[in-house]
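These notes concern the structure reproduced below.
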There are 2 protein chains.
Amino acid sequence: MSKTKTTRYDAPTKMRRSRQRDRILEILRGTKSHPTAEWVYGRLHREFPHVSMGTVYRNLGQLVEHGIVKRIGFGSTFDRYEANILTHHHFVCERCGSVTDLEVPVDESLTRRLGEAAGVRAVRHEIRLYGTCANCARKG
Amino acid sequence: MSKTKTTRYDAPTKMRRSRQRDRILEILRGTKSHPTAEWVYGRLHREFPHVSMGTVYRNLGQLVEHGIVKRIGFGSTFDRYEANILTHHHFVCERCGSVTDLEVPVDESLTRRLGEAAGVRAVRHEIRLYGTCANCARKG
DNA sequence: GTTCATGCAAATCGTTTGCACAATG
DNA sequence: CATTGTGCAAACGATTTGCATGAAC
């Protein structure tokens, strides 16, 4: 689980190489801006004027599958809603995607402590725990 | 900022009431499943066979705007990608939507401690700090 | 040469919006 | 009655996919 493993692109993957994917990875590695697919496409387009969004998405997806890059968000395209507006944290099952509330008090001071340590002015924080829910765990 | 304010629906809002929105809120309050708009629609459809997704989205949006329910996700429809696959946390600017990495060590033990306290088997956690980035703060 | 990746265009999916009509205050 | 909400359908934007061609091994 602790992916302290090699981060190198030429790691033991079954992916064939392509100049486009190589560049996509270089582009991602060369920025700290957590870009969108659109932005990556814009960058890639300078070198491959005929590249298509399909190629960008396919490659991003593959890089994510192989653990070479990360997708930020909830995975699913659709949003979820909840009536509990009190600050609280979530547990997300990586198997079935279900989301449950953590019945744990929120440490408000963590916002300030983390924010100060990181040098940003934060007003709140949210923690997401990831793992396998009891339901999925039961099914092996 | 700390919305410890009233949670009641009939709070001082300028919203007119509607039977559909009342039910949507009841549905959200009656589940712990963090449903999608689609799911809410399915529920609502039993009572309002002619209800449309447009109504569901409009009402969910309004309930969110009024702070009566919360939307989980990143707000933006599009995903973001990053090459940094080492576990780390993020700061999200609520003004411009920019995402930056927190240059703060990850407390791995928090996964276990939070997971145990909440009674779930978690393998990792991610913290998101929310606030206003330096850039936006400068612009007033 | 067989497999995988590409470009292109069309399709899909969640969400938003314009409009005429109905419900609310 | 002035305004807001509704249903319907069409529009939208991000992402995915089918297909014929081209690159990788």
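To find a chain, count down the sequence lines: A is the first, B the second, and so on, and within it residues start at 1. FYI, side chains are in, hydrogens and waters are out, and symmetry mates aren't considered; it's all heavy atoms of this structure.
- Here A:H50 does not reach the OP1 or OP2 of C:dT6: none of its side-chain N or O atoms lies under 4.0 Å away.
- The base of D:dG18 sits with one of its N or O atoms less than 3.5 Å from a complementary donor or acceptor on the side chain of A:R58.
- Taking only side-chain nitrogens and oxygens, A:T55 comes nearer than 4.0 Å to OP1 or OP2 of C:dG7.
- A side chain to side chain donor-acceptor pair (under 3.5 Å) with B:E47 is found for one member of B:R19, B:R23, B:Q20 and no other, namely B:R23.
- In this structure, B:Q62 does not reach the D:dT4 phosphate: none of its side-chain N or O atoms is under 4.0 Å from OP1 or OP2.
- Side-chain N or O atoms of B:D101 include none that pairs as donor or acceptor with a backbone N or O of B:E103 at under 3.5 Å.
- When the P atom of C:dG14 is taken as reference, atom CG of B:L60 falls 15 Å away, rounded to whole Å.
- Computed from coordinates, the B:N59 CG to C:dT16 P distance equals 12 Å when rounded to whole Å.
- Rounded to a whole Å, the NE2 atom of B:H66 is 11 Å from the P atom of D:dT4.
- At whole-Å resolution of the value, CD in A:E38 and C1' in D:dG13 are 9 Å apart.
- Going from atom CZ of A:F48 over to atom P of D:dG22 covers 17 Å, rounded to whole Å.
- Spacing between atom CG of A:D22 and atom C1' of C:dT6 amounts to 14 Å, rounded to whole angstrom units.
- In this structure, CZ of B:R19 is placed 17 Å from C1' of C:dG25, rounded to the nearest angstrom.
- Residues A:H90 and B:H34 place their aromatic rings such that the two centres sit under 6.0 Å apart.
- A donor-acceptor distance shorter than 3.5 angstrom exists from the side chain of B:N84 to the backbone of B:L86, with no hydrogens or angles considered.
- One finds no side-chain N or O of A:Q20 lying less than 4.0 angstrom from the OP1 or OP2 phosphate oxygen of D:dA23.
- Rounded to whole Å, atom P of D:dG5 lies 15 Å from atom CG of B:L44.
- Picking from C:dG7, D:dT6, C:dA5 the nucleotide with the shortest atom distance to the side chain of A:S52 gives C:dG7.
- Contact check, B:R21 against D:dG5: a side-chain N or O comes under 4.0 Å of OP1 or OP2.
- Checking side-chain atoms of A:R21 against main-chain N and O of A:R16 turns up a donor-acceptor pair under 3.5 Å.
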